[in-house]
Amino acid sequence: MADTRGAGNLWNNNRVVPYQFEPPAQEHERNVEENNHFADNNGVYRLGNTDWCECGNCVVMEKVEECNCCTESTKIMEKLNSRRPLKNPGITCITQLPAFQSVCLNTDVLETAYYQYRQEHGTFQATLEEKYRYIGYRQLVRWCHGVLGRKVRIPLPSCAVRAIRNAFPSEDTYRGFEWPELP
């Protein structure tokens with residue numbers, strides 16, 4: 001008869017072992033506090049100003065979650081530091097890197113990334129500028145954070161959102177960051 005007391009057994013003293021079949025936390029889940037700087041005092045002090053900005057390129061945003069600077073993200077700072085030219089330490093913002101222009105603002109790159117998105121998720125009805133903005137945001141996340149997973153979202157730095165919005169403006173108001181719907 002097989003031993004049913006092992007750690008891989010569903011039953012432990014005739015009880016279900018909680019979280020037994022849950023995958024281990026991914027790196028972005030363990031570092032969720034990185035983008036949770038607004039948790040203390042609800043971050044209200046960030047609204048209506050850019051005192052929290054250290055790169056000098058952020059703008060006032062409408063939601064607390066959007067009030068963050070590229071310098072507050074470990075992953076974005078790793079990307080910035082790995083790409084910053086040694087002869088130009090004056091680059092203080094992810095948007096100042098030539099690679100940001102190529103990855104997030106180049107329309108040929110965004111068009112190609114949209115084809116990939118369309119293949120995986122289907123088309124979505126939007127203006128060309130809306131598509132470029134959406135794909136530009138996705139490109140920034142993929143470039144700096146890798147694959148987050150379905151329904152996993154993180155607030156983007158105000159400076160990056162500003163640069164993408166300026167490149168692909170809207171005549172309407174912007175939706176801003178939205179947390180995914182819970183099942």
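Everything quoted here is computed from the prediction, not taken from an experiment.
- The closest donor-acceptor contact from the side chain of Gln139 to the backbone of Val103 lies under 3.5 Å.
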Original post:
Under the side chain to side chain contact (heavy atoms under 4.5 Å, CB included) criterion, do Glu171 and Thr127 qualify, and how do the steps go?
Top reply: CA-CA 11 Å; Glu171 294 178 10; Thr127 66; over 6 Å; no
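- Using the six-membered ring where Trp is involved, Phe168 and Tyr132 have ring planes that are tilted, between 30° and 60° apart.
- Hydrophobic clustering places Trp143 together with Leu80 (ILVMFWY residues linked when any side-chain heavy atoms are closer than 4.5 Å, directly or through intermediates).
- Without hydrogens or angle criteria, Gln101 side chain to Thr95 main chain gives a donor-acceptor distance under 3.5 Å.
- Tyr115 and Leu110 end up in the same hydrophobic cluster when Ile, Leu, Val, Met, Phe, Trp and Tyr side chains are linked at under 4.5 Å.
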**OP:** Take Ser170 and Arg133 through the test side chain to side chain contact (heavy atoms under 4.5 Å, CB included) and record every step on the way to the result.
**Re:** CA-CA 9 Å; Ser170 173; Arg133 276 195 312 275; 3.6 Å; yes
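- Placement of Val64 and Trp52 in two distinct hydrophobic clusters is found when ILVMFWY residues are connected by side-chain heavy-atom separations under 4.5 Å, directly or transitively.
- A distance of 9.0 Å separates SG in Cys159 from CD in Gln96, rounded to the nearest 0.5 Å.
- Annotation for Cys55 and Thr92: closest pair O-OG1, 3.2 Å, computed over non-hydrogen atoms.
- Tested against Cys69 for a side-chain contact (heavy atoms from CB on, under 4.5 Å), the candidates Ser158, Cys93, Cys58, Pro157 yield a single pass: Cys58.
- Minimum heavy-atom separation, Leu97 to Lys79: CD1-O, 4.3 Å.
- Looking at Arg46 and Glu62, no side-chain N of the basic residue comes within less than 4.0 Å of a carboxylate O on the acidic one, giving no salt bridge.
- A distance-only check finds no donor-acceptor pair linking the side chain of Thr50 to the backbone of Cys53 [under 3.5 Å].
- We find the CG-CD distance between Asn68 and Glu66 to be 9.0 Å, quoted to the nearest 0.5 Å.
- Sparse packing is recorded around CZ of Arg142, with 12 or fewer heavy atoms of other residues, nucleotides or ligands lying under 6.0 Å away.
- Both Tyr114 and Tyr137 sit in one connected hydrophobic cluster of ILVMFWY residues. Membership requires side-chain heavy atoms under 4.5 Å apart, directly or through other members.
- Expressed to the nearest 0.5 Å, how far CG of Asn49 lies from SG of Cys67 amounts to 7.5 Å.
- Side-chain contact between Arg153 and Val141: absent, with no pair of heavy atoms (C-beta onward) separated by less than 4.5 Å.
- From Lys131, atom NZ reaches atom CD of Glu129 across 11.0 Å, with rounding to the nearest 0.5 Å.
- Atom CD1 in Ile76 sits 7.0 Å away from atom CG in Leu156 (nearest 0.5 Å).
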**OP:** Before giving the answer on side chain to side chain contact (heavy atoms under 4.5 Å, CB included), spell out for Leu140 and His145 the whole-Å C-alpha distance, their side-chain angles and the decisive distance to 0.1 Å.
**Re:** CA-CA 8 Å; Leu140 176 63; His145 297 274; over 6 Å; no
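- What you find for Lys63 and Gly176 is that their closest heavy atoms are NZ-C, 4.1 Å.
- For Ser73 (side chain) and Cys70 (main-chain N/O), no donor-acceptor pair under 3.5 Å exists by modelled atom type.
- Val161 and Met77 fall within the same hydrophobic cluster, defined by Ile, Leu, Val, Met, Phe, Trp and Tyr side-chain heavy atoms under 4.5 Å apart, directly or through other members.
- The minimum heavy-atom distance linking Leu105 with Ala163 is given by the pair CD2-O, 4.0 Å.
- A ring-centre distance under 6.0 Å is found for Tyr134 and Tyr117.
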